[in-house]
Amino acid sequence: MVKKLTKKIQKIKLFQTKITTLFFAFLGAFTLSFIGYFLYFQISEAKDVDEILPAENVMIVTEFSSVELAKFIEENEDFRTHIIDPFLKQYLNKNLTDFASQAKGWLGNKAAFAIYNGAEENEEESYYLFLENNNQRKALEFLRSLGVQGEELKIEKYKKFEILSFSQSLNVDCSFLYGYLICSNESAALKKLIDLNQAQSVFLHDLGDYNRVKNNLPKIGGGRVYFNLQKIDFSQYEIYLGPLKEYLKEGGLSFTRINQGLRLNSYLSLKKGLVATGSVVTKNDLDKYVYADDLGFYLGGTNLKESFKQILKVWDEATPYFAIILEGMLRARVANYFGTEVSLEEDIYELLKNAYAFEVRFLPMPQFKLILEIDDEEEADQILQKMLEGFYLQSEEHKVEKKETTLKDGSVVRELLANDDKVKKVKTDFEGSIIQSVEIENVPFSFAYAIKDKKVFLGTSVAAVQENLNLAKHSGDSLFKNEIYKEAKNNMFLEGEESSYFNLNKVSAFLTLLGIDTQEVNFLATFSHAVFSTKWFDDGMAGEAILLR
């Protein structure tokens, strides 16, 4: 009896064990299935669009993270109003509110917009809109919502795929391809994309030039833009930009959200060897002598002469006559302000070969100042004296006497004599530094300069030079100490040869004062300050901008 009872208990335990084993096996299978589903539909991402787009004839590609873009739009309402809503309205007949509510449940993190130039001579430009698809059923519901009420989607079978179009409303064709919902302005563009991918053609990410741009941009971020300058039509600007296409190749821009705003990084690919590099770069710390109060714009660099010569060289390689005209215009300007005795090459360039800082203040009219590092104070003073004398004599509208002398060869020389009651040379002692200036009656601008500690301080008034001299002698509210400026500099990856700063509120107010409508770029009102940095390489130019709220 006991033995029978024991056997029954053992059978029951064995049965319980099997049940338990089956239960956990089922639970494990269910869990793995759920995890697999989650990984496939929620975590896995579609391929990058540069692995889908053909290598040839891509003009512009904009890629972005939909999550990062949504956060950026949330923080910058004007960006939505002036950029996102018009874009969605044009291509999908939606505003952002409608799009966001209907994209939930199927839209992944990756999105892109590409413009493709037709391979044939008469082939029109096409566009591709890539939206990562995590749920085809819900994405199909979204497509149906784009049309008018009761409109049926037309379905065209092409190879293993379906191309969907609208019979009545939108001129848009769409297909579910390679993990995306891809929309285009013509079905032929989608068919070409299918053909190229099935033929395993060369794609955009296989191109060395494309990767040079991509690899010179940060790998993290909210998105990036790539543009091929060889494919973009600049025919309306052919006289200026046409010849440059031989030297300007591709470019790119990336954008990343940061705590206080936005970081932009750019890279422009140039013909190798076009730009001379390798010169000794000295650090520019002249922002210590720039007042932060009322500052609208600041530009600082290490060698203004070399930077300008680089630009002239690029133009000269492509369009020699344009570079000649540009430098000729500069010579004419120098002669106009300082007379023919002052030379652009021998005098002006000589002052610009070291670190410099240029600043503009709006009070509300602009006030200009320039700080230059120099090697030889005596040599610099001789040049500045020549410029001061030339400026004094060139204030022609304030001269009351004109003396003409006929030479033996019959030529006539005109001499302008200044009225010392209206145009005066003035020397001002400011805390041991001498400021030399030309003051013109009833004119708010003058020419003033001082030299101190191997630095030249130039300004459009004596008061402007006094401000910089004061910072040179006493610690004060300089741009170098400004918290907003320091915040931007600390967020920068790139340490360039030139840097600039904008107080966007003051610049916008000044443009409005001049009667210029800034409504087109109103989304920039979200940001109050911007800092830029640029650096030249032998095969390109890199740039970075920090926009702060």
I need the minimum non-hydrogen distance between Asn211 and Asp206, along with the two atoms involved. ND2-C, 4.2 Å
Hey, does the side chain of Ser175 reach the backbone of Ile163 with a donor-acceptor pair shorter than 3.5 angstrom? no
Taking NZ, NE, NH1 and NH2 as the nitrogens, is one of them in Glu156 or Lys191 under 4.0 Å from a carboxylate oxygen of the other? yes
Do Lys486 and Glu483 sit within salt-bridge range, that is, some charged N less than 4.0 Å from a carboxylate O? yes
Is a donor on one side and an acceptor on the other found under 3.5 Å between the side chain of Asn503 and the backbone of His529? no
For Lys159, does the NZ atom have more than 12 heavy-atom neighbours from other residues, nucleotides or ligands under 6.0 Å away? yes
Has Asn109 got a side-chain atom pairing as donor or acceptor with Val67's backbone, closer than 3.5 angstrom? yes
I would like to know whether Phe502 and Phe532 meet ring pair (Phe, Tyr, Trp, His ring centres under 6.0 Å); could you show each step before the answer? CA-CA 9 Å; Phe502 289 84; Phe532 296 82; 5.7 Å; yes
How many angstroms lie between atom CG of Leu286 and atom OG of Ser478, to the nearest 0.5 angstrom? 11.5 Å
Does Glu132 reach the main-chain N or O of Gly108 with its side chain, forming a donor-acceptor pair under 3.5 Å? no
Val172 and Phe166 have their tightest heavy-atom pair at O-CD1, 3.6 Å
List in chain and number order the residues that pass salt bridge (charged side-chain N to carboxylate O under 4.0 Å, His left out) with Arg212, two or more places apart in sequence or in another chain; answer none if no residue qualifies. Asp209, Asp539
Interatomic spacing from CD in Glu544 to OH in Tyr267 - rounded to 0.5 Å: 15.0 Å
Is the closest side-chain heavy-atom distance between Phe297 and Ser500 below 4.5 Å? yes
Could you report the tightest heavy-atom contact between Pro54 and Leu193, atom names first, then the distance? CD-CD1, 4.0 Å
Does Lys110 come within less than 4.0 Å of Glu63, counting only side-chain N to carboxylate O? no
Lys/Arg N to Asp/Glu carboxylate O, Lys154 vs Asp173, below 4.0 Å: no
Between the side chain of Asn482 and the main-chain N/O of Ile484, is any donor-acceptor distance below 3.5 Å? yes
Taking the side chain as every heavy atom from C-beta outward, state whether Leu164 and Leu140 have any pair of such atoms under 4.5 Å apart. yes
Which heavy-atom pair separates Asn135 from Gly105 by the least distance, and what is that distance? CB-O, 3.3 Å
Between Val213 and Asn215, does the side chain to side chain contact (heavy atoms under 4.5 Å, CB included) criterion hold? Intermediate values first, please. CA-CA 6 Å; Val213 173; Asn215 293 337; over 6 Å; no
When you measure from the side chain of Ser201 to the backbone of Leu196, do you find a donor-acceptor pair of N or O atoms at a distance under 3.5 Å? yes
Side-chain donor/acceptor of Asn197 to backbone N/O of Ile194, under 3.5 Å: no
Heavy-atom side-chain proximity of Leu295 to Val290 below 4.5 angstrom: yes
Could you verify whether a donor N or O on one side chain and an acceptor N or O on the other, from Asn133 and Tyr178, lie under 3.5 Å apart? no
Heavy-atom check, side chain of Arg144 versus side chain of Leu153, under 4.5 Å: yes
So, do Leu264 and Phe255 sit near enough that their side-chain heavy atoms are less than 4.5 Å apart? yes
Could you tell me how the ring of Phe130 sits relative to the ring of Tyr180: parallel (under 30°), tilted (30 to 60°) or perpendicular (over 60°)? perpendicular
Within the 3.5 Å criterion, strictly below it, is a donor on Asn468 or Glu359 matched to an acceptor on the partner's side chain? yes
So with a 6.0 Å cut-off around CZ of Phe480, is the heavy-atom count from everything else above 12? no
So Leu548 and Ile546, do their side chains get closer than 4.5 Å, heavy atoms only? yes
Could you go through the side chain to side chain contact (heavy atoms under 4.5 Å, CB included) check for Ser266 and Leu268 one step at a time? CA-CA 7 Å; Ser266 65; Leu268 179 62; over 6 Å; no
Hey, could you give me the NZ/CG distance between Lys138 and Leu143, rounded to the nearest 0.5 Å? 15.0 Å
Are Tyr356 and Leu299 side-chain neighbours, meaning at least one heavy-atom pair lies under 4.5 Å? yes
Would you mind telling me which of Ile182, Thr62, Val58, Val61 makes a side-chain contact (heavy atoms from CB on, under 4.5 Å) with Val49? Val61
When the aromatic ring centroids of Tyr298 and Phe358 are compared, is their separation below 6.0 Å? no
With rounding to the nearest 0.5 Å, note down the distance linking NZ in Lys192 to OG in Ser187. 12.0 Å
Could you check if a side-chain atom of Ser499 sits within less than 4.5 angstrom of a side-chain atom of Lys489, using non-hydrogen atoms only? yes
For the residue pair Asp48 and Lys214, what are the closest heavy atoms and their distance? OD2-NZ, 4.5 Å
Output all residues satisfying side chain to side chain contact (heavy atoms under 4.5 Å, CB included) with Thr534, sequence neighbours left out; order by chain, then residue number. Glu498
On a heavy-atom basis, the closest approach of Phe227 and Ile60 is CB-CG1, 4.1 Å
CG of Asn265 to OG1 of Thr256, rounded to nearest 0.5 Å, is 6.5 Å
State which residues pass side chain to side chain donor-acceptor pair (under 3.5 Å) with Asp287; sequence neighbours excluded, sorted by chain then number. Tyr485
Between Tyr226 and Tyr210, is a ring pair (Phe, Tyr, Trp, His ring centres under 6.0 Å) present by the stated rule, with each step listed? CA-CA 8 Å; Tyr226 163 79; Tyr210 166 79; 4.8 Å; yes
Rounded to the nearest 0.5 Å, what separation is found between the OH atom of Tyr128 and the CD1 atom of Ile115? 12.0 Å
Between the main-chain N or O of Tyr127 and the side-chain N or O of Ser184, is there a donor-acceptor pair closer than 3.5 Å? yes
